[in-house]
Structures are given as C-alpha cells and as structure tokens.
Amino acid sequence: MYRVTCVCVSIVNHGNFFWDMNVALKVVSSRLPYKFASLFVKCVTCVDNPTIRSRTFFTQSKKNHRNACIAIRASNNIRSFASVLTTMVQPLQNQRWDLSAKEIKEQADALMESMKAVYDQVAAVSVHEATFENSILPISNLDVTSSVIRNNLDFYQHVHTNKELRDASTECDKKLSEFEIELSMRKDVYDRVVAVEGSNMQCSNEGKRLVTRMVKLGKRNGLHLDDETQAKIKANKKRQTEIGIDFQKNLNEESEKLLFEPEQLAGLPNDFIKSLNKDKDSGSKLVVTLKYPHYFPIMKKCSVSQTRKVLETAFNSRCKEQNSAILAELVKLRAEKAAILGYENHAAFVHDMRMAKHPDNVIKFTNELAEKLQPLGKCDRDEMLRLKKVECKNGNEEFDGVINMWDLRYFMTKIEEMKYSVDHDKLKQYFPIHIVTKGLLNIYQELLGLRYEQVDDAHVWHEDVTLYSVKDDASEKLIGHFFLDLHPREGKYGHAACFDLIPGCLKADGTRQLAVAAMVANFTKPTSDAPSLLTHDEVETFFHEFGHVMHQICAEAEYEMFSGTSVECDFVEAPSQMLENWCWEYEPLKQMSQHYEDGSEIPQKLIESLIKSRNANTGVFYLRQIVLGTLDLNIHMCDHADIVQVYADACKNILCIPATEGTCMPATFGHLAGGYDAQYYGYLWSEVFCFDMFYSRFKKEGIMNQKVGRDYREKILKPGGSIDAEQMLRNFLGRNPNQDAFLQAKGLSEKSS
C-alpha cells in the first residue's frame, strides 16, 4: 500500500483533451505510448487513491516509489512534479512487453493516425513558405517518437514467447510498413523538403545533411517522376516489404526436429549429449533441432559423416519451398524498381548510397581478394582431404575423394585441433557465460570509459533476459540501456543480432532521448550438470554483437535518421568486427575466462594454441564469405535468377566445394530479405577497416589503452551516421584507410610471407 500524490492530468493527443482521472492514471502507470501527448499537471493534492494503491505504478523499486511520493509531496510547483514524473518514467518509456494482441493492433492504428497528422501538417505549409522549422523539424521530431513505438511493436515477433503476440506483431509490422511506404511517397511533403533545400537554411551541418538525405531518398522513391510511375514504385515497395517480412517469419517459426541414436552422434562431448531431449516415442533416440546450439556442434564434432549429411541437408532446406518463391519474387521486384529509377540493376541502386558507390568496385574488390585467397584455399582443402582419407580408412568408410559441404566445418575443426592443438571441448570449460559476460562488460567499460549496472526487477519479455543501464564513467551521466537475451527458445529469432529499440538523438525540446538496444543471440543453454559453456566462436559472436549495442548507445547524433548504427551498410560491421580482436589477445582472454568447476585460470598453453590458430582455414573461410557475397551480388545484377544454380556455381567456382544436392541455402539466408540485399560484401569490405583501426591504433598504442579507446568512442561511435564513414576513419587514423593491415593479418601480403 502506497500513498501517492494524485494529480489531475490532461492529455493532449492529436488535439483531443481527456480529463478523466482513470484514463490519465492508466496512461502514466502502464506507460502507454502516447508519444504525441503532453502531460499537464493541473493540481497537486495528497490523497489515498485505491486505483493507484492496487497498481504497480512505476517500474522502479519500492524504495523509489516512496522517495518519489516524498518528492512529489514536497513539490511546490507543477514543474518540479513533472520533473519527478519524468525521472521515474523516462528511462524505458513505452517499452512494454505485456501488451495483448488487441493492444498491439490498437497502438499501431493510433501511431498511423499520429504520423499522418504530422505529414498533413507539413503538406499544409505553402511551398513558398517552407522552412527547416515548419517542414523538416516536424517530420524529424515525428521520427524520434514514432520509432520508439514502432520498434517496440515490431520486436515482439522476434523474441516473444507467445505465438499469438508474435503473429500480431508480424501483422502489425506489415501494416505499418505499408503505411510508411505511403508516407514516403507523399509528393506534397517531398515538394516542401526540396523547397527547403533550395533556401537559406538556418540549421546545423547535420541538419543540412538531413535535408540533403531526405531529398535523395525522395528521388530514390521516384517522387520527381510522374504520378503513374510513382504508383508503380509504391505498389512494388509494398509487395517487397510484405513478402520480406514473411521470409523472416518463416525462418523464425521453423521447428523441424531430427532423431538420432546416440551412436549416430559419435564424437560429440558428453555434456552435449546430456543436453539433448529424448524422443518420447522411441525411448532411445535423441531430439536434434536445426537451431544453432545443436547444428554447429554436430557439424563441427560428429565423426559420423552420414549424420552430418542428414543434418546439413535439413538445415539448408529450411523453408525451401516458401522462401525460394519469395526470394525469386524479391529479385524480380527489386530489378523492376531499379530499372524504373534509371539504374543498371538493383545492386547499382543500393551501392549508390554505400562506400562502394558501384557494383564494379565491389566486383574488383572481391575478385582481387579471391585471387589472393585461392592458393590458401587449395592448401586448406588438400589438408582436409588428407585427414578425411585417414579417417575413412580408420572407420572403414569409402573415401570419395571430395570435401562436401557437410565435411567443411568438421575438418576445419580437425585442422585446428591437430595442427594447432586447440581442444575446443576443453576450451569451452573456461568460458561459462556468466564469466564471459562479466569479462566482456569489464573490457568494454574500461576501453570506452563507461559503467554498466544491472537493473533489478526489470520489465522484460522472458526470465532469461537481463537489463543494464549505461553511464559515462567520468561524468556519471546516464546515456542508455541495453537488454541481453542470449539463449534459444521456440519461435525466437534464430541468429545473433542487435535490435535498436529506442534511438539516441535529440527530442523536440532539445533534450537527449537515451538509446536502448537489445542483443539477441542463441548461445548454448545451461544443463543440469553445467552452466552455459560458450565455444570460442560464441565468445567472438558475443563481442561482435555487443559492439553493435555500444554503437547504438554511444552515438550522439542530433537526428534520428543518423542515430546509432545508421552508417553506410558496408561500414556498419567494422566497429563490431574491430572489437572481435580482443577475443584473440592474451590479457582479455584471461579476463573473460575461468574454469566453470574450480574457478582456475585458463592455461597459458591453451591460450597460445588458440591465438596461433586464428589464421587456420583462412582460405576456405574467406572464400566461403566471397561465395555468399557473390551469390547476393549476382542475383541482384539481373532481373531474375535461378537462385539454386547461382549459389551452386559460386560454391563450385570460388570455394571449390559443391553445394549439397537438393538443398536451397539461399532460402535460409535471412540477409537476402532482411535489409542486406546486394550488401553482404560489406562484411569483408568492413573487415579491411576493422584491421586498419586495430593494428594502426590499438595494437600499436596498447589494446587496453584508454586514450585510444576514448578516441575510438569519440571519432567512430559518437558521430553515428552524421558524417561519412570515410571521414570518421580519417579522423581516427589520421590518414586515409588502406588494406595493408588486413592483408598482413591474414597472411596475404609480401610482408607476412
């Protein structure tokens, strides 16, 4: 029971006034996203209110409830009360994970109404009177507020445990995406933006960049063309969005299970075997899903080639029929839209807004790299064939003289174990997830000058999820929050990714909206005998995705369009890839490791073996990356494509390992429908910059050098997308970026030979 000051509040929402006390209380207590509402305190009185008494009013602890009440009673004016209220509600405003399907729909409808009202307001301004203040700021401020609700509603489909809510979120996503396309095609609004660009704008350099970008995006939507052409583009975009959402939903909801006898899983460690559920019907067979924590350990360690073949075939046949059809249609639609807009192909349309500028530059980059990698790839394959021949002889299996796709990861692991003495089963015993998490957070804190604190009793969507606050260590100023959702479950997003929930940027009143991000992964779950033990690959993934989280949190752009990771797509991976390097350095590895049973340090010899193995399989690893980038590029440089054949050709000609017959790996490749179309090359393109930054500054001046870390935060993370990536790199490196460090690190330069 808490005594809480009752306030009479009016809520202005799209010009409508609500004076009802219960409505006002409901808005505040549940943090419903009336982002276009203003709270006005009309009177302050201390009363006992049973409505409040029975409700968890705020998300803070009981102690903070009492402190807030005292502060409110002590308030002598409306402004001080509003300050207390803002302090209590602001950190995670509008982040609700307990909405019903009905509420998801209602909030989406309300959001669309609010967005339309703002666009109508801008359209009502005379073109001759359009200014930055009356035509740009209203839309920019709308983006700040609407993105919070939008991201909240959209996130349900990726992480929520309730399928009804995931489905509601997916439908809401389709509806909102279609509506956003309608807004993006508003010629009347575009005309005002163009008028502002041609005027004497009174705004910051970032504001001018915003206007230029808005005009550019309008042209890429065909708003400078005739009405009939605009209608074609609009219909095209709507269809792309609709089926793109279906593509990812199909993968999220995929739930196929395979059954194997224990002997069919020979080579897997006991802790993995114990973690598998037994099939209730057969009694002896073990249930294997196609989720990462099952798939990758089996492909790396199972000595039974037939088991690997069955699993790899199933994994690369997920959603084959539905997603193959979707991808074929997406390729066709993208090509049609690019042609309407006057581009050679979809890849040219995409690269026009990237560092690469044109597909020819990407082709040149990947071809030159592939040529350098081919000798290493041949050495890797020859070594794998040698190992396979011995293994077939020892196991009385017929040697087919070929490395198949289901052999690749298995023999890559064998090379690491035999050539570099890396014992991955022993290694993961030193990476219990709670120790890795603690070490990772400490490393990032020290490097970037931050402080993380776990939030107790946080409002989350699943019991495994944790929430942290982020403060600047020097000023102790709160700068954001992040969630960690690290383990797999039914219906959850199946890859690893960082989701932007609240963009960090300036609000309409000039104050900063604090960023909130969520890292979603599918790391090995704990068992009855052991905590979650991470492979070194998973540790590296953790560092990578958390790098994206810090990019979201540390960016300080003025405008939502440039917030967080809103940089060129062929640079966005570089900051995270750069931070993977700490997983290959002695001191950081010691800091994030400890034996899960006795707490002992990881042996120095084990670390040394791991570090030496970094360039193991360099040839086949990077050639496979080029295969994926080539698949992505080739299907987007034509107006239709046989995606199975394009992938098979790339595997044969570049990796020299055949794609498994009957599979359709592209149908499982979420990047192709999830915003990375014609951009997968960006992982390799970014890696060049990652090594340039690491070797030129951190390796030279100290990997835990706080001055370099602050410089990195200031010059690479802080700008967000407010300046070009190439300029950020020059600011940090003190020169133009180059490939030297990457080639040397991978053993591809004369210096490294």
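Position 1 is the first residue of the sequence; numbering continues from there.
F296 is not listed as a side-chain neighbour of E538, based on a closest heavy-atom distance of 4.5 Å or more.
Between the side chains of Q577 and H544, not a single donor N or O lies within less than 3.5 Å of an accepting N or O. Side-chain atoms of N252 and Q248 form a donor-acceptor pair, as typed in the model, at a separation below 3.5 Å.
Here salt bridge (charged side-chain N to carboxylate O under 4.0 Å, His left out) pairs that include residues 622-637, with residues two or more places apart or in two chains, number zero. The side-chain hydrogen bond (donor to acceptor under 3.5 Å, both in side chains) pairs that include a residue from residues 653-663 are E312-T660, where partners are two or more places apart or lie in different chains.
N404 meets the side-chain hydrogen bond (donor to acceptor under 3.5 Å, both in side chains) test with D400, D407; sequence neighbours excluded. Checked against salt bridge (charged side-chain N to carboxylate O under 4.0 Å, His left out), R386 has the following partners two or more places apart in sequence or in another chain: E383. Applying the side-chain hydrogen bond (donor to acceptor under 3.5 Å, both in side chains) rule to N361 yields no partners; only residues at least two apart in sequence or on another chain are considered. N617 pairs by the side-chain hydrogen bond (donor to acceptor under 3.5 Å, both in side chains) definition with nothing, not counting sequence neighbours.
Ring-plane geometry between Y676 and Y683 is classed as parallel, the angle between the planes falling under 30 degrees on a 0 to 90 degree scale with a further cut at 60.
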Discussion item. Set out, in order, the CA-CA distance, both residues' side-chain angles and the distance that settles ring-ring contact (aromatic ring centres under 6.0 Å, His included) for F542 and F523, then state yes or no.
Written reply: CA-CA 9 Å; F542 201 163; F523 296 145; 5.6 Å; yes

Worksheet item: Could you go step by step and tell me if Y680 and F669 meet the ring-ring contact (aromatic ring centres under 6.0 Å, His included) rule?
Response: CA-CA 11 Å; Y680 195 81; F669 194 10; 5.1 Å; yes

Discussion item. One pair to check against side-chain hydrogen bond (donor to acceptor under 3.5 Å, both in side chains): E391 and Y410. What are the steps and the verdict?
Written reply: CA-CA 12 Å; E391 188 149 317; Y410 178 74; 2.4 Å; yes

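When the shell of 6.0 Å around NZ of K320 is examined, it contains more than 12 heavy atoms from other residues, nucleotides or ligands. Within a 6.0 Å sphere centred on CD of E601, other residues, nucleotides and ligands contribute 12 heavy atoms or fewer.
The cationic atom of R697 (NZ for Lys, CZ for Arg) does not lie both less than 6.0 Å from the six-membered ring centre of Y712 and within 45° of the ring axis.
Considering all non-hydrogen atoms of both residues, F272 and P293 come closest at CE1-O, 3.4 Å.
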